[in-house]
Amino acid sequence: MEPLDRRTIWPYRDGDPGEFYYQRYDHPTGVEAERALGKLDGGEALLFPSGSAAVTALVLAELAPGQTVALAEGAYYGTGALFASLERWGLRFVEFDQTGPPPAGVDLVWLEAPSNPFLTMPDLEAAAAHPGRVVVDSTAATPVYLRPLEDGADYVVHSATKYLGGHHDLLLGAVVCRDAASAARLREFRGRTGIVAAPDSAWLLLRSLKTLRPRLERQTETARELAKRLQGHDAVETVRYPGFGGLLSFDVRGNARRVETSLNLIANATSLGGVDTVLESRSRWEGARVPENLLRLSVGLEDVDGLWSDLEQAIERA
Ligand SMILES: *Cc1c(COP(=O)(O)O)cnc(C)c1O
């Protein structure tokens, strides 16, 4: 493993700052992790202390007061809530159906692939044809399944807290930029605002990226099988699964809370993308925006039959 360098300062050489001189601007472990992630997504990566910090930095750096974001309907609840809290600083946003073309006249198009927890996929071709810049929050797809910069996106956003980190022990975000000038602008803004990720988190990301592909492939295999079995279950109304990745959601006939509290192997917890399977009802956070009986399942690395027997017995108590 690359060494973890926690220093905040590095001495000048012959009176001049070198590549690293103050941690807020750049640090070696962060640069190493950014190089690894940038290679996976085919762009220039910048780390932030959380996915939400990455979203905040990107919209503040990209937009001026009065400009408008078109946000994918049914995207991560926190993104819409964050945009709403930035409205008093002049940010405007409208929601639209990302399976079709974005509305005219917006400055930034914000897609999510696939959306969390509705699992819709964006029409990237229609978005790329829009004159506004395009951001794809690719947290749930990861570069294993999607490289949006190749499909015309300008920026990819990740909550690295989820699949990239993968172990429920790391809070981190990233923006991957298609062009170097945008990356330079965002890096400058990040250094000035101090919205920077710590070396420890960057080091944990480097550790996690080594197993990203095998984790995702195994999670996909298990999630596909669970989606199929859920579809065939009498007590399940709707199953949403895009065909890849470890995230799915389903509506249960009956009481979702009772399913949550009847689990043994699967943890009743929030978040997604880790090696341990978690399930939660999303209406506790999102209210009427989601069906009351919607359960979001993030499939980990446990044995598929063990997961199914736990799910099956819990669903029967709904
Ligand atoms: C969790 C999540 C975020 C926010 O990331 P944090 O690391 O929790 O700040 C953004 N987008 C999506 C799709 C997410 O799932």
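Each ligand, and each atom within it, is numbered from 1 in the order the structure gives. Worth knowing before you read on, the calculation uses all heavy atoms, side chains too, and leaves out hydrogens, waters and symmetry mates.
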Does the side-chain contact (heavy atoms from CB on, under 4.5 Å) test come out yes or no for V157 and W110, once each step is laid out? CA-CA 10 Å; V157 165; W110 198 285; 4.1 Å; yes
When you check ligand 1 against the protein, what N or O pairs turn up below 3.5 Å? List the atom names and distances, or just say none.
residue	atom	partner	partner atom	Å
ligand 1	5 (O)	S159	OG	3.0
ligand 1	7 (O)	G51	N	2.9
ligand 1	7 (O)	S159	OG	2.9
ligand 1	7 (O)	T161	OG1	2.7
ligand 1	9 (O)	G51	N	3.2
ligand 1	9 (O)	S52	N	2.8
ligand 1	9 (O)	S52	OG	2.8
ligand 1	11 (N)	D137	OD2	2.6
ligand 1	15 (O)	N116	ND2	3.1
ligand 1	15 (O)	K162	NZ	2.8

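Formation of a donor-acceptor pair under 3.5 Å by the H233 side chain with backbone atoms of A235 is found in this model. The backbone N or O of L206 sits nowhere less than 3.5 Å from a side-chain atom of E32 that would complete a donor-acceptor pair.
Here D179 does not pair with R185 in a salt bridge; the nearest charged N to carboxylate O distance is not below 4.0 Å.
Here ring-ring contact (aromatic ring centres under 6.0 Å, His included) pairs that include residues 10-30, with residues two or more places apart or in two chains, are W10-F20, Y21-Y25.
The one candidate from T211, L301, V304 that meets the side-chain contact (heavy atoms from CB on, under 4.5 Å) condition with R218 is L301.
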